[in-house]
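Before we start, here is the structure in question, set down as structure tokens.
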Amino acid sequence: MERVYNFSPGPSQLALPVLEKAQKELLCYGDTGMSVMEMSHRSKMYTDIYDKAVADLRELMNISDEYDVLFLQGGATQQFSAIPLNMMVNKKAAYIDSGNFAHLAAEEGKRYGEVKVVASSRDGNYTHIPDLGALEIDADADYLHITQNNTIYGTRYVELPETNVPLVCDASSMILSEVMDVNKYGVIYAGAQKNIGPSGLCVLIVKRDLLGRAMDICPKLLNWTVQSEKGSMYNTPNTWGIYVAGLTFQWLKSVGGVAEIEKVNKEKAAMLYAFLDESKLFKPTAEKKYRSRMNVTFVTGDADKDAAFVKAAAAEGLVNLKGHRTVGGMRASIYNAMPIEGVEKLVAFMKEFEAKNA
Ligand SMILES: *Cc1c(COP(=O)(O)O)cnc(C)c1O
């Protein structure tokens, strides 16, 4: 059986060298005689894996000592609760609603305090990022939450909002795909299953001066300060997930780091959008200015043709191109691990399908 080009939005394709290394080390890691899955998380052999993963992520994203890096559980969604629980000192926060996950984050925030949605593109079916011009953010708001790439709708922020309150960013579907200036953020968090590794894991980068503010009711496991003091090991962490994340970081370093992969990502996205803009059959759905480089959404305008396309593509080894159930159409997720050949093959197949079906 040959490997396919997997355009899944998440869990998504991992880089082949990462899977090959994990396979090679599956039974015996180094000279330990055991699998990473069988190691004590407190053993030196494991803490070395953990420390290297943290150090490599710090290097890749140029994260200063002012920030702590944590590997937490429960994916990105668990942080929708952890963020207010750790940050709502004044019980007040601002959110920008730019998509489904942004909306869910704001809804969860409401359970813990006053949430003001300061900009929204919900009425426009989330085809664009809301106008960031005149945001009315209360000076005593504890933070402003954004979702920098909207996985379902295929949009991305082209600039960050101006604010004096800490910026909290859900970077699940864009982390490590482009250079980010970490210093502009209070918190960056990302579910691992898009650009990093196995699902269930969440990377959290938090400015240290935001620690120590958790509400009394904050569950210990969600308390960033506790996790920071314990090196992400208040309980048994997702050791395997962190190991695979570490392999991804090593792979990314080997191909030149984030600035290099950003060039490739731009090239992949440009190739796909250039075809879509010319196509007589397929139409891109996100507003041009805000097009995502990670999730490319498009339709034919005919649900039966969409379904026929998704099916025919899968038969060619181009799988998981169906759009999210709430929006329909198609979505090609082209994260870091999708090689340029995968996108070339997709475009070639779309041309072929168009010739027969336009
Ligand atoms: C996938 C995704 C999530 C949800 O991640 P889980 O790990 O399933 O909780 C949240 N936000 C964004 C932007 C995502 O793409």
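Counting starts at 1 for both ligands and their atoms, in listed order. The chain is numbered in sequence order, starting from 1.
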Verify whether the ring centers belonging to F101 and Y153 lie closer than 6.0 Å.
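No: the rings miss the under 6.0 Å criterion.
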List ligand 1 atoms under 4.0 Å from D170, heavy atoms only on the residue side.
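Heavy-atom distances to D170 below 4.0 Å select 10 (C), 11 (N), 12 (C), 13 (C).
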What about I152 and Y290, same hydrophobic cluster or not, with Ile/Leu/Val/Met/Phe/Trp/Tyr joined at side-chain heavy-atom distances under 4.5 Å?
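No, because I152 and Y290 fall into different hydrophobic clusters, even though each may have its own neighbours under 4.5 Å.
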Without hydrogens or angle criteria, can the side chains of S228 and D68 be said to hold a donor-acceptor pair below 3.5 Å?
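Result is yes, a qualifying pair exists.
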Any idea which atoms of ligand 1 are less than 4.0 Å away from a heavy-atom of T77?
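Counting from 1, the qualifying ligand atoms are 4 (C), 6 (P), 9 (O).
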Hey, is ligand 1 close enough to A76 that some N/O pair sits below 3.5 Å?
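Among all N and O atoms of A76, at least one is under 3.5 Å from an N or O of ligand 1.
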Pairs of nitrogen or oxygen atoms closer than 3.5 Å, one from N149 and one from ligand 1: do any exist?
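Between N149 and ligand 1, no N or O pair is found under 3.5 Å apart.
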K194 N/O to ligand 1 N/O under 3.5 Å:
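Yes; the residue has a nitrogen or oxygen that sits under 3.5 Å from a nitrogen or oxygen of the ligand.
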Report, in ascending order of atom number, the atoms of ligand 1 lying under 4.0 Å from any heavy atom of T147.
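Counting atoms of ligand 1 from 1, those under 4.0 Å from T147 are 13 (C).
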May I ask you to check whether S98 and T147 show a side-chain donor-acceptor distance below 3.5 Å?
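Note: S98 and T147 side chains miss the donor-acceptor criterion.
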Considering only heavy atoms of Q193, which atoms of ligand 1 have at least one such atom less than 4.0 Å away?
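So the atoms of ligand 1 that pass are 5 (O), 6 (P), 7 (O), 8 (O).
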List the atom pairs, with distances to 0.1 Å, where a side-chain N or O of residues 21-31 and a protein N or O form a donor-acceptor pair under 3.5 Å, not counting sequence neighbours.
from, atom 1, to, atom 2, distance (Å)
E25, OE1, Y243, OH, 2.5

Nearest protein heavy atom to atom 15 (O) of ligand 1, by residue and atom, and its distance?
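The answer is T151 OG1, 2.4 Å.
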Is it the case that the ring center of H41 lies less than 6.0 angstrom away from the ring center of Y46?
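No, the ring of Y46 stays outside the 6.0 Å limit from the ring of H41, centre to centre.
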